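A short write-up of the structure that comes next.
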Protein chains: 2
Amino acid sequence: MVNLPPTFSPLYRQIKSLMIQALESGEWRPGQAIPSEQELAVRFQVSQGTVRKAIDELAADNLLVRRQGKGTFVASHADPRALFRFLRLTPLSGEIVALKSEPLDCWRAKAGQEAARNLSIELSAPIIIIRRVLKHESKPIVVDEIYLPGEIFGGLNIEMLRDWQGSIYGLFESRFGVRMLHAREKLRAVSADRSVAETLGVAEGAPLLSVERVAYTYGDKPVEWRRGLYSTAEHYYLNELS
Amino acid sequence: MVNLPPTFSPLYRQIKSLMIQALESGEWRPGQAIPSEQELAVRFQVSQGTVRKAIDELAADNLLVRRQGKGTFVASHADPRALFRFLRLTPLSGEIVALKSEPLDCWRAKAGQEAARNLSIELSAPIIIIRRVLKHESKPIVVDEIYLPGEIFGGLNIEMLRDWQGSIYGLFESRFGVRMLHAREKLRAVSADRSVAETLGVAEGAPLLSVERVAYTYGDKPVEWRRGLYSTAEHYYLNELS
DNA sequence: CAGTGGTCTAGACCACCGG
DNA sequence: CGGTGGTCTAGACCACTGT
């Protein structure tokens with residue numbers, strides 16, 4: 001007997017795919033309500049229960065947000081609740097506060113080996129690099145570099161970053177139509193070199209948390225690679241294992 | 001108008017509570033199958049769909065595992081798939097391999113302020129402390145201390161730890177009936193002090209990843225507090241943001 | 001009040017597993 | 001083949017939101 005590949009796909013997953021298409025194509029925009037379950041059931045010619053199960057999965061994937069009595073909405077990085085999902089830094093004592101971003105630099109370059117591999121693009125393809133500092137009450141806590149495919153983030157420049165109030169993923173979403181859906185982070189402990197030590201106001205050789213992230217959009221396509229160094233003297237990185 | 005507390009609890013959540021009771025009481029044991037959906041529907045006098053939704057949530061919470069065609073099983077730390085859920089260390093290059101645990105010491109003590117707070121027990125209540133080294137191909141990677149409430153882990157000793165093959169949560173589950181359900185980790189970067197540097201075979205002052213964990217059992221009751229120091233020269237801590 | 005998502009039911013049928 | 005979980009449907013009713 002041969003082992004056939006799992007060729008079966010339930011109806012609600014096919015509906016889910018169609019809905020992802022509608023999201024990806026921009027038919028339904030971040031922050032807006034999608035059609036009601038009834039309307040979708042008619043549109044896709046299935047029962048409401050089947051639409052429901054598709055939406056359930058999309059909500060679990062953080063692509064949609066359900067609000068009883070109001071409707072189902074496209075998740076948006078403009079929503080402050082989405083913030084902590086991607087920056088899990090917490091003060092040792094006190095409440096969670098959004099860090100203030102200060103762009104230092106933003107320039108064009110060609111993808112090196114590492115950037116090309118992480119972004120799944122050609123070697124020497126155009127990329128954009130951002131250097132930032134994140135501050136908590138005017139104390140620098142994080143310094144990072146963000147590598148973006150030039151093909152997608154064409155017009156990005158430092159003025160845009162400076163003018164933007166809110167998370168950088170909110171900027172990517174509203175100005176470039178790029179929605180970060182999930183990410184994978186690799187954490188290590190490293191020593192501060194001289195220049196980083198100066199930027200963060202710590203001693204040279206001080207231990208820092210190194211966080212390397214690849215973020216993905218629809219179809220698990222990588223669209224951002226970043227490396228950050230976190231000063232964990234007065235903050236920690238919180239992770240829920242569940 | 002006053003804002004009444006959310007007094008409404010859907011039927012499937014009540015069923016879920018009853019099922020959690022059955023799990024907590026030991027009526028259904030780790031690794032074993034629970035009754036079929038039909039049987040549960042009869043037992044609880046609800047429809048199969050309602051039982052189904054309760055099980056769905058319990059499976060999402062990692063308390064149960066569904067296996068089509070076979071049944072629904074109580075999740076167990078004996079299952080190797082459960083391993084990576086709680087130890088997210090990965091070699092820089094190469095496959096994920098379970099680290100080998102070497103207990104160094106295991107002794108009784110009284111809870112200090114920090115232990116008491118983290119374990120939600122009285123100051124000076126009896127606790128048990130374990131010191132371990134975790135090795136990858138005979139190279140020490142992690143050194144940690146585990147703090148356990150003495151009341152729950154009465155007979156624990158170092159011979160038990162040495163004899164046990166498998167994860168320590170597997171031991172807790174099968175010997176003490178304590179099931180770790182979720183945990184919260186705080187990560188920071190620190191410098192190796194002399195004694196730790198010696199144990200891990202790194203230079204004094206080398207950067208290490210500090211991982212402090214509180215693990216919880218039924219009813220969000222904390223039952224373990226541990227602090228680990230990870231050498232991240234050849235490993236990283238992997239985290240999925242989704 | 002109308003419209004939305006949320007719950008609950010009952011029944012039919014399908015995919016998977018093991019004997 | 002029988003038993004399990006998985007899918008799909010149709011309909012009734014409930015809880016929440018805004019007008």
Side-chain angles (χ1 to χ4, degrees), chain A residues 1-19 22-23 28 31-76 79 81, chain B residues 1-19 22-23 28 31-76 79 81:
Chain A
M1 299 284 167
V2 285
N3 240 333
L4 288 175
T7 185
F8 168 72
S9 173
L11 189 49
Y12 74 87
R13 273 195 203 282
Q14 301 173 36
I15 304 301
K16 184 183 177 186
S17 291
L18 294 174
M19 294 182 68
L23 288 166
W28 302 332
Q32 294 183 341
I34 69 170
S36 75
E37 296 180 351
Q38 271 301 344
E39 290 174 284
L40 291 172
V42 171
R43 162 164 168 180
F44 296 126
Q45 292 291 299
V46 298
S47 78
Q48 184 183 354
T50 300
V51 169
R52 198 165 176 71
K53 189 141 191 191
I55 295 180
D56 279 346
E57 286 206 359
L58 290 167
D61 295 344
N62 294 115
L63 293 191
L64 297 178
V65 178
R66 320 190 76 142
R67 290 186 220 163
Q68 178 168 149
K70 298 176 75 173
T72 301
F73 297 77
V74 182
S76 168
D79 185 334
R81 283 170 295 187
Chain B
M1 296 288 168
V2 287
N3 240 333
L4 289 175
T7 184
F8 170 71
S9 175
L11 190 49
Y12 75 87
R13 272 195 202 283
Q14 300 174 37
I15 304 301
K16 185 183 177 188
S17 290
L18 292 174
M19 292 180 68
L23 288 165
W28 302 331
Q32 294 185 341
I34 69 170
S36 75
E37 296 180 352
Q38 271 301 346
E39 291 174 284
L40 292 172
V42 171
R43 162 163 166 182
F44 296 126
Q45 291 291 297
V46 297
S47 78
Q48 185 183 353
T50 300
V51 168
R52 200 166 174 70
K53 190 142 193 192
I55 295 179
D56 279 346
E57 286 207 357
L58 290 167
D61 295 345
N62 294 116
L63 293 192
L64 298 178
V65 178
R66 319 189 77 139
R67 291 187 219 161
Q68 180 168 147
K70 298 177 73 176
T72 301
F73 299 76
V74 182
S76 168
D79 186 333
R81 283 169 298 186

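Protein chains get the first letters and strands the later ones, always in sequence-line order, with residue 1 at the start of each. Since this is a predicted model, take the numbers as computed values, not measurements. All values below come from the heavy atoms of this structure, side chains included, with hydrogens, waters and symmetry mates left out.
- Taking atom CZ of residue B:Phe8 and atom C1' of nucleotide C:dC8, one finds them 10 Å apart after rounding to whole Å.
- The CD atom of B:Gln68 sits 9 Å away from the P atom of C:dA15 (whole-angstrom rounding).
- Ranking C:dT7, C:dT4, D:dT9 by closeness to the A:Val46 side chain, first place goes to D:dT9.
- Rounded to an integer number of Å, the gap from A:Asp56 CG to C:dG6 C1' is 10 Å.
- In this structure, A:Arg66 reaches the C:dG6 phosphate: one of its side-chain N or O atoms is under 4.0 Å from OP1 or OP2.
- Taking atom CZ of B:Phe73 as the reference point, atom C1' of C:dC16 lies 13 Å away to the nearest angstrom.
- Each of A:Lys70 and A:Lys53 lies near DNA chain D, and the nucleotide nearest A:Lys53 is the one positioned closer to the 5' end.
- The interatomic distance linking B:Leu11 (CG) with D:dA12 (C1') rounds to 15 Å, in whole Å.
- Between A:Ser36 and C:dG3 there is no side-chain polar atom (N or O) within less than 4.0 angstrom of OP1 or OP2.
- Here B:Gln68 pairs with nothing under the side chain to side chain contact (heavy atoms under 4.5 Å, CB included) rule; sequence neighbours left out.
- Between the CG atom in B:Leu40 and the CZ atom in B:Arg52 there is a gap of 12.0 Å [rounded to 0.5 Å].
- With no hydrogens or angles considered, no side-chain donor-acceptor pair links A:Gln14 and A:Ser17 at under 3.5 Å.
- Within 4.0 Å of B:Glu37, counting heavy atoms only, lie sugar-phosphate atoms of the nucleic acid but no base atom.
- Relative to the side chain of B:Glu39, the nucleotides C:dT7, D:dT4, D:dC8 differ in distance, and D:dT4 lies closest.
- Of the candidate nucleotides D:dC8, C:dG6, D:dG6, D:dC8 has the atom nearest to the side chain of A:Thr50.
- For A:Arg13 and D:dG6, the CZ to C1' distance is 11 Å, given to the nearest whole Å.
- Salt-bridge check for A:Arg66 with A:Glu37: passed, with a basic side-chain N closer than 4.0 Å to an acidic carboxylate O.
- Computed from coordinates, the B:Gln45 CD to C:dT9 C1' distance equals 14 Å when rounded to whole Å.
- A salt bridge does not link B:Asp56 with B:Lys16: every distance from a Lys NZ or Arg NE/NH1/NH2 to an Asp or Glu carboxylate oxygen is 4.0 Å or more.
- One interatomic measurement links the two molecules: CD of B:Gln38 to C1' of C:dT9, which rounds to 13 Å at whole-angstrom precision.
- Nearest to the side chain of B:Ser47, among C:dA10, D:dC8, C:dT4, sits C:dA10.
- For B:Tyr12, taking side-chain heavy atoms from C-beta onward, the closest of the listed nucleotides D:dT9, C:dT4, C:dT7 is C:dT7.
- Between B:Arg67 and C:dC16 there is no side-chain N or O to OP1 or OP2 distance below 4.0 Å.
- In the set C:dC8, D:dC8, D:dG5, the nucleotide with an atom closest to the side chain of A:Pro10 is D:dC8.
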